[in-house]
Amino acid sequence: MMAIFIDILSWVLLITGGAFGVIGGIGLLRFPDFYTRLHASGITDTLCAVLIVFGLMLQSGLSLLTLKMVLILLFLLFTTPTATHALARAAVLDGLEPKLADQPQASPSEEEPPSKP
Amino acid sequence: MNTVLVATTLAIFLTMALALVRALRGPTIYDRIVAVNVFGTKTVLAVALITYVTGHADLIDVALVYALINFIAIVTVLKLVKTRDLAAEGSEDPR
């Protein structure tokens with residue numbers, strides 16, 4: 001009885017992990033500029049990885065394999081945000097302007113108020 | 001049980017394909033680095049999933065090592081983009 005429950009739970013985790021991965025991938029394509037794509041890549045990196053690794057850990061129970069899966073999750077959760085931070089910083093230092101909604105293409109002139117709030 | 005694992009692996013491969021499309025299309029260098037970063041992380045997950053599909057428990061070390069190497073690769077590429085001294089001449093970005 002318990003095994004079936006664990007199997008179903010790990011199935012759910014695996015499927016939602018895969019779904020979030022695909023959602024993040026689609027977001028990576030559809031977002032307008034670099035900084036929003038960072039958010040999309042964040043979804044796939046952290047949430048999808050956590051769900052899939054937990055789903056897999058349920059599969060293997062208490063074993064060396066699960067310990068290594070925990071280590072993988074730890075490394076991923078430490079290194080991916082750091083890499084994303086370094087990436088965003090490098091982009092900002094390189095002068096990559098985020099695409100703001102109501103900013104006209106030219107530099108925003110102060111005297112005319114922005115049209116929509 | 002195997003079908004769910006294979007289905008998740010296919011979803012991960014789809015994500016990797018989408019990341020590759022972004023890598024090819026990305027206007028700036030940084031879009032490409034984001035795509036490579038996502039691709040690397042998904043490789044880790046794909047290898048982990050394949051470990052469970054095939055049942056060879058010692059394949060997990062590949063995913064373990066790759067999770068670290070991917071991070072080092074991203075930081076190295078960032079340093080390369082910033083200092084440009086390793087890059088060959090004529091990188092397409094206007095200075």
Side-chain angles (χ1 to χ4, degrees), chain A residues 7 10-29 31 33-35 37-38 40-46 48-49 51-53 55-56 59-60 63-65 67-69 71-76 78-80 82-84 86-91 93-94 96, chain B residues 1 3-5 7-23 25-31 33-42 44-49 51-52 57-61 63-75 77-79 81-82 93:
Chain A
D7 264 355
S10 82
W11 287 349
V12 168
L13 285 175
L14 282 170
I15 293 296
T16 44
F20 272 112
V22 173
I23 289 170
I26 293 171
L28 205 61
L29 278 181
F31 277 156
D33 83 326
F34 164 69
Y35 293 102
R37 282 181 205 125
L38 270 184
S41 87
I43 287 181
T44 66
D45 285 346
T46 46
C48 165
L51 286 175
I52 287 185
V53 168
L56 289 178
Q59 286 297 316
S60 61
S63 72
L64 184 60
L65 192 55
L67 174 68
K68 288 182 181 172
M69 289 304 279
L71 277 178
I72 284 184
L73 190 62
L74 208 65
F75 290 157
L76 271 183
F78 271 112
T79 53
T80 325
T82 320
T84 312
L87 189 53
R89 226 173 94 74
L93 288 183
D94 203 10
L96 187 64
Chain B
M1 182 51 227
T3 54
V4 175
L5 280 174
T8 315
T9 315
L10 290 180
I12 295 293
F13 286 155
L14 179 60
T15 316
M16 290 160 91
L18 292 170
L20 272 185
V21 170
R22 171 48 59 195
R25 223 161 41 146
T28 62
I29 283 189
Y30 299 104
D31 293 311
I33 298 178
V34 166
V36 165
N37 190 12
V38 168
F39 194 87
T41 314
K42 289 303 157 258
V44 172
L45 291 179
V47 171
L49 279 162
T51 312
Y52 278 80
D58 47 16
L59 192 59
I60 201 72
D61 300 335
L64 199 63
V65 168
Y66 196 84
L68 292 169
I69 290 183
N70 179 40
F71 170 65
I72 294 172
I74 296 293
V75 174
V77 167
L78 280 178
K79 181 179 180 305
V81 167
K82 185 165 175 297
D93 259 299

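Looking only at heavy-atom pairs under 4.5 Å with chain A, the residue among B:L49, B:N37, B:T51 that has the most is B:L49. Among A:L38, A:L65, A:D7, A:L71, the residue with the largest count of heavy-atom pairs under 4.5 Å with chain B is A:L65. The choice from A:S63, A:G24, A:S41 that makes the most heavy-atom pairs within less than 4.5 Å of chain B is A:S41. Ranked by heavy-atom pairs shorter than 4.5 Å toward chain B, the options A:L93, A:L96, A:I72, A:I15 are led by A:I72.
A donor-acceptor contact closer than 3.5 angstrom links the side chains of B:T28 and B:D31.
B:I60 touches chain A through backbone and side chain together, each having a heavy atom under 4.5 Å away. With a 4.5 angstrom heavy-atom cutoff, B:I72 does not touch chain A via any of its atoms. Looking at A:S60, both its backbone and its side chain come within 4.5 Å of chain B, counting heavy atoms on both sides. Both the backbone and the side chain of B:L64 have a heavy atom closer than 4.5 Å to some heavy atom of chain A. Of the atoms belonging to A:I52, it is side-chain heavy atoms, and not backbone ones, that fall under 4.5 Å from chain B. Only the side chain of A:F75 comes within less than 4.5 Å of a heavy atom in chain B; its backbone stays farther off. Contacts between A:L64 and chain B at a heavy-atom distance below 4.5 Å are absent for every atom of the residue. Heavy-atom distances place both the backbone and the side chain of B:V34 under 4.5 Å from chain A. Contacts between B:Y52 and chain A at a heavy-atom distance below 4.5 Å involve the side chain alone, from C-beta outward.
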Candidate pair A:S10 and A:L56, rule side-chain contact (heavy atoms from CB on, under 4.5 Å), full reasoning: CA-CA 7 Å; A:S10 82; A:L56 289 178; over 6 Å; no
